[in-house]
Amino acid sequence: MPEGPSIVILKESLIQFKGKQLIGVSGNSKIDQSRLADKYVLDFKSWGKHLLICFDDFTVKIHLLMFGSYTVNSEKDRAARLALTFSNGYVNFYSCSVTLLEGYVDDLYDFTSDVMNDNWDEVKALEKLKEIPDALVCDALLEQDIFAGVGNIIKNETLFRVRIHPESHVGNIPNTHLQGLITEARNYSFDFLNWRKEFVLKKHYLIYNQKVCKICNSKIVRKNTGVKNRRSFFCENCQTKY
DNA sequence: TATAATGTTTGAAC
DNA sequence: AGTTCAAACATTAT
């Protein structure tokens, strides 16, 4: 569920409730649910892995973390964390993080750092990468302040596509390749989005969870890398370590 | 069945 | 005071 493109799918599934008035709010979330009662949802937005439910003077942030889920117009056999009912249907969120943020969403988020957003700014991303030359690129890609929405699958697939070794130091990667990495992070995220919509994401994995390199047939290395210590899959032969 | 995994925050420990 | 790290949360496929 939880990488950026999946949250875009979630957002799109909620368009039917945009502009609608809440007629029911429940769930075991500890936010002040009375704030939502009878309010109109102005919009549903996403920023990276955050789903944002926008009200006039506050924003509800849903983060699915690793295992969160949701249902639209159906139930799960489990208590909902937050259940929102409208005149034309309802959405339930399960085992997720729910936070109420004061203020309107556009004053709270910088959408230029969301790889899925139309306002994604490659130049800013490059500038931010230049500020962390000592970081490993596997960590940098997971940095939500730079690449909001990129998760571990997108990280691995993007690095393989641009033939960069996950343990490369950011400062050692030539500019043209850094630029290519930034472009591909967004590019692959949209492939991810389209494949996930068609339920064919897994069969398109080139490196993630794979055993053998699809280019050179050599054994793919699986190793936890970086200070974030997340799983990386890479081909020593095809990906350059800078 | 035990394990590990698409993630992030928190607070203790150093 | 800044960093590092384990714990916590919770579900599902293998």
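Note on naming: letters A, B, ... go to the chains in the order of the sequence lines (proteins, then strands), and numbering restarts at 1 for each one. Heavy-atom basis, side chains included; hydrogens, waters and symmetry copies ignored.
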Evaluation steps, side chain to side chain donor-acceptor pair (under 3.5 Å), between A:S218 and A:E236: CA-CA 9 Å; A:S218 63; A:E236 294 277 17; over 6 Å; no
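Spacing between atom OH of A:Y205 and atom P of C:dA13 amounts to 13 Å, rounded to whole angstrom units. For the pair A:I154 CD1 and B:dG7 C1', the computed distance is 13 Å after rounding to whole Å. If you measure from atom CG of A:N229 to atom P of C:dA6, you get 9 Å, rounded to the nearest angstrom. One interatomic measurement links the two molecules: OH of A:Y188 to P of B:dT6, which rounds to 13 Å at whole-angstrom precision. Taking atom NZ on A:K223 and atom C1' on B:dA5, their separation rounds to 20 Å, with Å as the unit. Atom pair A:N152:CG and B:dA4:C1' shows a separation of 13 Å (rounding to whole Å applied). Remark: P of B:dT3 and CZ of A:F67 are 15 Å apart, rounded to the nearest angstrom. For the pair A:M66 CE and B:dT3 C1', the interatomic distance rounds to 13 Å; values are reported in whole Å.
For the pair A:K49 and B:dT8, the criterion of a side-chain N or O lying under 4.0 Å from OP1 or OP2 is met. For C:dC9, neither phosphate oxygen OP1 nor OP2 lies less than 4.0 angstrom from any side-chain nitrogen or oxygen of A:K30. Phosphate contact (OP1/OP2 of C:dT11, side-chain N/O of A:S95, threshold under 4.0 Å): present. Side-chain nitrogen and oxygen atoms of A:R78 include at least one within less than 4.0 Å of the OP1 or OP2 phosphate oxygen of C:dT11. The side chain of A:R230 places no N or O atom within less than 4.0 Å of a non-bridging phosphate oxygen (OP1 or OP2) of B:dA4. For A:Y208, a side-chain nitrogen or oxygen approaches OP1 or OP2 of B:dT6 to under 4.0 Å.
At the heavy-atom level, A:K228 lies nowhere under 4.0 Å from the strands shown.
Nucleotide C:dG2 is matched to B:dC14 when pairs are restricted to Watson-Crick or G-U wobble geometry with both distances under 3.5 angstrom. Of the nucleotides present, B:dA4 is the one that pairs with C:dT12 by Watson-Crick or G-U wobble criteria, both distances under 3.5 Å.
Annotation: C:dA7 and B:dT3 have their P atoms spaced 16 Å apart (nearest Å). C:dT4 and B:dT6 are spaced 24 Å apart, taking the C1' atom of each and rounding to whole Å.
Judged by the 6.0 Å and 45° rule, A:K155 forms no cation-pi pair with A:Y208. A cation-pi arrangement, defined by a distance under 6.0 Å to the six-membered ring centre and an angle within 45 degrees of its axis, is present between A:R163 and A:F160. Remark: A:K11 is not positioned above the aromatic ring of A:F44, lacking an NZ or CZ atom under 6.0 angstrom from the ring centre and at most 45 degrees off the axis.
Taking a 6.0 Å sphere around OH of A:Y40, one finds it holds 12 or fewer heavy atoms contributed by other residues, nucleotides or ligands.
With DNA chain C read from its 5' end, the first of the two nearest nucleotides for A:R81 and A:K202 is the one closest to A:R81.
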